[in-house]
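Heavy-atom basis, side chains included; hydrogens, waters and symmetry copies ignored. In the text below, chain A, chain B and the rest are named by the order of the sequence lines, each starting its count at 1. As the structure is a prediction and not an experimental result, all values here were calculated from the model.
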There are 2 protein chains.
Amino acid sequence: MGITKTEIFTEEQNRIARIAKVLGHPARIAILEYLFKIQSCICGDLVNEIGLAQPTISQHLKELKNINIIKGTIEGTSICYCIDQEVLNEIQATLTKFLSPFCAREKKSC
Amino acid sequence: MGITKTEIFTEEQNRIARIAKVLGHPARIAILEYLFKIQSCICGDLVNEIGLAQPTISQHLKELKNINIIKGTIEGTSICYCIDQEVLNEIQATLTKFLSPFCAREKKSC
DNA sequence: ATTATTTATCGTAATATTGCAATATATAAT
DNA sequence: ATTATATATTGCAATATTACGATAAATAAT
């Protein structure tokens with residue numbers, strides 16, 4: 001059917017999956033990597049850097065904004081995108097906690 | 001077009017995206033959570049636990065096997081699935097490294 | 001050999017995703 | 001007001017994903 005049965009899963013399971021899904025495309029990984037390196041940039045920079053059409057980059061930016069991992073501030077005619085470090089930390093913590101169940105439960109520290 | 005242009009991205013970018021994509025469905029998150037909790041189980045257990053049809057669970061297991069995060073060993077008529085702890089650790093390290101670029105580069109330890 | 005049990009595969013329908021051309025929107029500069 | 005610049009949105013085609021019924025395959029028990 002192509003439609004995910006979100007209602008049979010917990011909030012947390014859906015949340016983890018939603019985050020991972022957004023990270024599940026190399027263009028979005030490339031955008032984040034570039035932002036890590038360059039701190040902030042505008043859409044046009046990413047079009048040049050990555051080599052996908054402007055509407056395609058814009059669409060990927062939208063999906064990254066959906067999980068708030070990036071934020072954009074209007075600056076003249078362009079929009080300055082950067083990582084939201086706080087959200088990034090939360091996402092990192094969420095994934096680490098999920099993927100390190102034994103560290104989190106049995107050991108206490110890794 | 002529905003087809004990802006993998007050729008314009010680096011191996012590492014594609015690898016991270018491939019891992020995240022597999023984690024990008026709540027059923028697969030639920031399967032992993034169950035395996036974390038229960039250590040090992042058979043397909044039928046997951047069908048009961050999660051509430052999706054057997055072919056659907058089987059398909060999700062296949063995708064998890066594609067990134068080797070789980071492995072299955074034949075045991076009579078059933079197949080015993082469990083987490084591959086070594087691969088899990090690698091995946092966790094890969095995602096943490098990607099999502100903590102400043103920790104990895106500037107600080108050295110987090 | 002037959003039957004029961006368990007999982008994988010095939011086929012298919014419904015929906016989602018990816019990518020881009022064309023166009024709209026919005027601000028800056030002249 | 002007009003033009004240039006930058007980004008978002010719309011519409012569409014191609015492909016991928018999700019889900020499941022039907023069926024195949026493979027072993028265990030009788």
Value in whole Å for how far the P atom of D:dT9 lies from CG of A:N66:
11 Å
Please pick, from D:dA8, C:dG19, C:dT9, the nucleotide with the shortest atom-to-atom distance to any side-chain atom of B:P55.
C:dT9
Do any side-chain nitrogens or oxygens of B:K21 fall under 4.0 Å of OP1 or OP2 in D:dA16?
no
Point-to-point distance, once rounded to the nearest 0.5 Å, from OG of A:S40 to CD1 of A:I70
11.5 Å
Nearest-nucleotide 5' precedence on DNA chain C, A:H25 against B:Y81:
B:Y81
Looking at A:K62, does any N or O in its side chain come under 4.0 Å of the phosphate oxygens OP1/OP2 on C:dT17?
no
Distance check needed: D:dA6 P versus A:I42 CD1, whole Å only.
6 Å
Within the structure shown, what part of the strands sits under 4.0 Å from A:I57 by heavy-atom distance: base, sugar-phosphate, or nothing?
nothing
Can you check whether B:S58 has a side-chain N or O nearer than 4.0 Å to OP1 or OP2 of C:dA8?
yes
Quick check: on DNA chain D, is the nucleotide nearest A:L61 upstream (toward 5') of the one nearest A:T6, or the reverse? Name the residue that is more 5'.
A:L61
Tell me: CD1 of A:I79 to C1' of C:dT27, nearest whole Å?
11 Å
May I have the distance from A:H60 (atom NE2) to D:dT7 (atom C1'), rounded to whole angstrom?
16 Å
Judged by nearest nucleotide, the residue sitting upstream toward the 5' end of DNA chain C, A:T4 or A:A27, is A:T4
What's the separation between atom CD in A:E90 and atom CD1 in A:I67, rounded to the nearest 0.5 Å?
11.0 Å
Going by modelled atom types, is there a donor-acceptor pair between the base of C:dA8 and the side chain of B:Q54 at under 3.5 Å?
yes
If you only use heavy atoms from C-beta on, which nucleotide in D:dT18, C:dC20, D:dT7 is closest to the side chain of B:E63?
D:dT18
Check A:I50 against A:A27 and note the closest heavy-atom contact, atom names and distance.
CD1-O, 4.0 Å
Point-to-point distance, once rounded to the nearest 0.5 Å, from CD of A:E7 to CG of A:N14
9.0 Å
Protein heavy-atom contacts under 4.0 Å, written 5' to 3' over nucleotides 25-30 of chain D as B (base), S (sugar-phosphate only) or - (none), form the string --BS--
Under 4.0 Å between any heavy atoms, over every strand shown, what does A:S78 touch: base, sugar-phosphate, or nothing? Just pick one.
sugar-phosphate
Where does the angle between the aromatic ring planes of A:F98 and B:F36 fall among parallel (under 30°), tilted (30 to 60°) and perpendicular (over 60°)?
perpendicular
Please assess B:L95 against A:L23 for the test side-chain contact (heavy atoms from CB on, under 4.5 Å), listing each intermediate value before the final yes or no.
CA-CA 10 Å; B:L95 292 180; A:L23 299 179; 5.6 Å; no
Testing the basics here: between B:E63 and B:V22, what is the closest heavy-atom pair and its distance to 0.1 Å?
O-CG1, 3.7 Å
